[in-house]
Amino acid sequence: MSIEGTEAYILAGQMDKELKEKTIINYEVQNSQQLQQKGFISTNTVLDNLIGRRILSVTSRGNTILTKLCSNWNIVLAPEYGGNILLHKPQTKPSKFHLKLDLHNAILTVNLAGIGCIQAVEDSLLRTNYLYNRDFSQILNPLETNFTYERFTEKLDNKKQNIKAALVGKTAAIVGVSNSAFQDITYRAKINPKRNTATLTPEEKRNLYTAVIQLIKERIEAGGKNQFIDLYGNSGQYIPKMGSNQKNQMCPTCKNKIEKISHGGGQVYICPTCQK
């Protein structure tokens, strides 16, 4: 399961609580050679710079988690196509990981299930890091207080593109939304995901904005989406209202059959009756 903005937010909060002021004593990588060659994981020569550095803070924006270290170094984490970040007691011996950090009185492991990011980056090079530059940017973040209806609709009006492209990916008006959240948002707003933002009425824009806010609030309160595993190994309890879990099911609102369509380079589940 992908780590979207809500899950990154949960993990960053837990990591900040547990890891702040701890010092990295050592690290280990395993099964990482191909990922290092592709640049998804920093080389050992770069990771060597983590040893002896104290963790100052852990924050997130969009799907990316940023761990600030002393002496101008950072760890950029984004298991956005699946994976987990887990905290272990110091006496344990984790068996599955791509990166393991040994800290005072704790062990942290990061495992990627697909494309993702485990990179050590100096402050001066952060802006050249693709994921940091994408998420820690001027793009609207639904988790921040400046995410207002007025700013959201202004960005939508400027897009004039299909709703998925406006909410997900490189041209999105907001950060932290991937395919799973997108399906839930458009279902809640009762909007067909193939619609163009230029065709949305003021009421539909309001519904879309409200759906984003509600989805994020509910997913955080539930500890993340189901299949998500938090820092302590606990499973998220949020069950999407629309998505692959609705395959061969009936819409809970109108009781008509859910359909699967191809859209935006992936599969999207919709209710053709409710979503116009």
Of all pairs that satisfy ring pair (Phe, Tyr, Trp, His ring centres under 6.0 Å), the ones with a partner from residues 82-130, not counting sequence neighbours
none
Q183 versus Q246: any side-chain heavy-atom pair under 4.5 Å?
no
Return yes when atom CD of E21 has more than 12 non-hydrogen atoms of other residues, nucleotides or ligands closer than 6.0 Å, and no otherwise.
yes
Shared hydrophobic cluster for M250 and I258 (ILVMFWY, side-chain gaps under 4.5 Å):
no
Given a cutoff of under 4.5 Å between side-chain heavy atoms of I, L, V, M, F, W and Y, with clusters grown through shared members, what are the other residues clustered with L56?
none
Evaluate the criterion side chain to side chain contact (heavy atoms under 4.5 Å, CB included) for residue pair R61 and S137; output intermediate values, then yes/no.
CA-CA 9 Å; R61 200 174 193 277; S137 63; 4.0 Å; yes
Identified side-chain contact (heavy atoms from CB on, under 4.5 Å) partner of P142 from the options V212, T6, L215:
V212
Under the criterion side chain to side chain contact (heavy atoms under 4.5 Å, CB included), I'd like the reasoning laid out for Q227 against S180: C-alpha separation, chi angles, the key distance, then a yes or no.
CA-CA 12 Å; Q227 301 179 10; S180 173; over 6 Å; no
To the nearest 0.5 Å, what is the distance between CD (Q237) and CG (N226)?
8.5 Å
Under 4.5 Å between any side-chain heavy atoms of M242 and C251, yes or no?
no
Cluster check L126, L47: I/L/V/M/F/W/Y, side chain < 4.5 angstrom:
no
Cluster link L208 to I213, ILVMFWY, side chain under 4.5 Å:
yes
Indicate every side-chain donor-acceptor pair of residues 267-275 with a distance under 3.5 Å to a residue at least two apart or in another chain.
from	atom 1	to	atom 2	distance (Å)
Q267	NE2	S262	OG	3.3
T273	OG1	N256	ND2	2.9
Q275	OE1	C271	N	2.8
Q275	NE2	I191	O	3.1

Side chains of I118 and V29 in contact at under 4.5 Å (non-hydrogen atoms):
no
Linked, directly or transitively: I24 and V110 (ILVMFWY side chains, under 4.5 Å):
yes
Mind checking side-chain hydrogen bond (donor to acceptor under 3.5 Å, both in side chains) for R188 and listing every partner two or more places apart, or none if nothing turns up?
E218, Y238
Side-chain heavy atoms of I220 within contact of L143, under 4.5 Å
yes
Is it the case that over 12 heavy atoms from other parts of the model lie below 6.0 angstrom from the CD atom of Q37?
yes
Atom pairs and distances, side-chain donor-acceptor, residues 147-156, under 3.5 Å, sequence neighbours left out:
from	atom 1	to	atom 2	distance (Å)
T148	OG1	R151	N	3.2
Y149	OH	P202	O	3.4
T153	OG1	Y149	O	2.9
T153	OG1	E150	O	3.1

Show which side-chain atoms of residues 62-71 pair as donor or acceptor with protein atoms under 3.5 Å away, not counting sequence neighbours.
from	atom 1	to	atom 2	distance (Å)
N63	OD1	G5	N	3.1
N63	ND2	S178	OG	3.4
T64	OG1	D135	OD2	2.7
K68	NZ	N74	OD1	3.0
K68	NZ	D123	OD1	3.1

Between N179 and K164, do the side chains contain an N or O donor and an N or O acceptor separated by less than 3.5 Å?
yes
Would you mind reporting whether F228 and L11 have side-chain heavy atoms less than 4.5 Å apart?
yes
Taking side-chain hydrogen bond (donor to acceptor under 3.5 Å, both in side chains) as the test, write out the residues that go with N162, two or more places apart.
none
Please say whether more than 12 non-hydrogen atoms of neighbouring residues, nucleotides or ligands are located less than 6.0 Å from CD in Q91.
yes
When you compare the side chain of Q119 with that of L131, does any pair of heavy atoms fall below 4.5 Å?
no
side-chain hydrogen bond (donor to acceptor under 3.5 Å, both in side chains) involving D102 - partner list, sequence neighbours excluded:
K100
Among K190, K276, R195, find the one that has a side chain to side chain donor-acceptor pair (under 3.5 Å) with E204.
R195
Tell me, please, which residues at least two apart from E18 pass side-chain contact (heavy atoms from CB on, under 4.5 Å).
L87, L231, Y232
For the CG atom of N234 and the CD1 atom of I10, what is their distance to the nearest 0.5 Å?
11.0 Å
Any N105 side-chain heavy atom under 4.5 Å of K22 side chain:
yes
Step by step, would you call N141 with F136 a side chain to side chain contact (heavy atoms under 4.5 Å, CB included)?
CA-CA 9 Å; N141 181 5; F136 285 79; over 6 Å; no
Full working for side chain to side chain contact (heavy atoms under 4.5 Å, CB included) between L77 and I3:
CA-CA 11 Å; L77 299 174; I3 303 296; over 6 Å; no
Take atom CD1 in I239; do more than 12 heavy atoms of anything else shown fall under 6.0 Å from it?
no
Gap separating the CG atom of N49 from the CG atom of N72, nearest 0.5 angstrom
11.5 Å
CD1/I229 to CG/N84 distance, rounded to the nearest 0.5 angstrom?
7.5 Å
Under 4.5 Å between side-chain heavy atoms, counting indirect links through other Ile/Leu/Val/Met/Phe/Trp/Tyr residues: same cluster for L86 and L50 or not?
no
Provide the full list of ring pair (Phe, Tyr, Trp, His ring centres under 6.0 Å) pairs with a residue in residues 6-49, sequence neighbours left out, each pair given once.
none
Would you say L112 and P79 make side-chain contact, with heavy atoms under 4.5 Å?
yes
Applying salt bridge (Lys or Arg N to Asp or Glu O under 4.0 Å), which residue pairs with at least one partner in residues 230-243 are found, sequence neighbours left out?
none
Results of side-chain hydrogen bond (donor to acceptor under 3.5 Å, both in side chains) for K205 - residues two or more places apart only:
D157
